Participant: 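Have a look at this one.
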Amino acid sequence: MDTQLARLSRGASPQEDSFAGNLLAGLSKTPKEIACKYFYDESGSRLFDAICDLPEYYQTRTEMALLSRHAAEIAALMGEGVEIVEFGAGSLRKVRILLDAACNPRAYTPLDISGDYLCNVVRSLAADYPALTLRPLVGDFTLPLEIPTLPGPMRRAGFFPGSTIGNFKPDAAMALLRRMRSTLNGGGLLVGVDLVKDPVRLHAAYNDAAGVTALFNKNLLARANRELGADFDPEGFAHYAPYNAAAHRIEMYLVSLKRQSVSLCGQRFDFAQGEPVHTEDSHKYTMESFREMAARAGFNPRAVWTDQDRLFSLHWLESR
Ligand code: AVJ
């Protein structure tokens, strides 16, 4: 059984693509920003798992129910002996539903940015699926990537759940889908997409009563303190996550509650009272608007599934 972690690094230089590099560049801009992929160190990945269990965060349980309900149909579309490639694999909870339904899956290749976290979750998956070939890859799926093919004839199916696609602006989302299409060598892609809905419900999902999303957002600052010796005061910033209805997206910010300065890698950064740092966008689509985008990215949108309340959607896209 091959569960060695391989590291993919291609494209941007490690310097400009590192957490430190992104922070130094992003905090020098006006308005300030930090890229959302840096949420996911080991503790951020754990906080995200806690978000997925929150009563307000309907996305995860709705998507899991859709996967379970349509698993047989999805398995048939993926075909026999498929290699499942998951982009941003996280806890690996969702793929178990697919693996249980799939016909003799050839391999499972989870790709994630958090190596420590991936290593742990892959170990427990390997124990539960002893016959499956596992190829965990540590890396950033937003960079161009080529996954070495396994020997013998093999079809790939991509799995991109959780509405992670929503973290990209529509143009970047389309470019990402195009790149995934080429990584998949003609195979299909199963994508989970959060839907446009009542803004009050959307707002609640990113502003939970227990404050877990606030901790998740502030983990960026705690992580900078841990890894880079920065001196952020996480209590000096507020979690702010409004829904921008015109742009169909949740926008997430850390807002400085006072005038303050922070030192980071020998540089000083000043924050005005009330100054925002943009940390995430989470775009929402209609089923039709997502299918249109997928078609423009070179996919043939085939099946689409949703729940009774039309909270979330699962799309099966075929390469054409
Ligand atoms: C990474 C896209 C699944 O945007 O809903 C959850 C991240 N941020 N709560 C989302 C997130 C705040 C999440 N996804």
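It should be emphasised that the depicted structure is a prediction, and the values quoted were computed from it without experimental measurement. All ligand and atom numbering here is 1-based and tracks the order in the structure.
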Participant: Can you check whether H315 and F290 have ring centres sitting under 6.0 Å from each other?
Facilitator: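 Between H315 and F290, the centre distance is under 6.0 Å.
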Participant: Could you tell me if the ring centre of Y243 sits under 6.0 Å from that of Y206?
Facilitator: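 Not close enough - the centres of the two rings lie 6.0 Å or further apart.
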Participant: Would a line drawn from the ring center of F232 to the ring center of F269 be shorter than 6.0 Å?
Facilitator: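 No.
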Participant: Could you list the donor-acceptor pairs under 3.5 angstrom formed by side chains in residues 167-175, with sequence neighbours left out?
Facilitator:
| residue | atom | partner | partner atom | Å |
| --- | --- | --- | --- | --- |
| N167 | ND2 | E280 | OE2 | 3.2 |
| N167 | ND2 | D281 | O | 3.0 |
| K169 | NZ | D281 | OD2 | 2.7 |

Participant: To the nearest 0.5 Å, how far apart are CD in Q59 and CD1 in I51?
Facilitator: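 Reported to 0.5 Å precision, the distance equals 10.0 Å.
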Participant: Strictly under 4.0 angstrom, heavy-atom based: which residues surround ligand 1?
Facilitator: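 If the criterion is a heavy atom under 4.0 Å, then ligand 1 touches Y40, F48, I51, Y57, G162, S163, T164, N167, Y206, T213, F216, M252, E280, S282.
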Participant: Here's a test for you: under side chain to side chain contact (heavy atoms under 4.5 Å, CB included), which of L190, V85, L176 qualifies with F160?
Facilitator: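 In the set L190, V85, L176, the residue that makes a side chain to side chain contact (heavy atoms under 4.5 Å, CB included) with F160 is L176.
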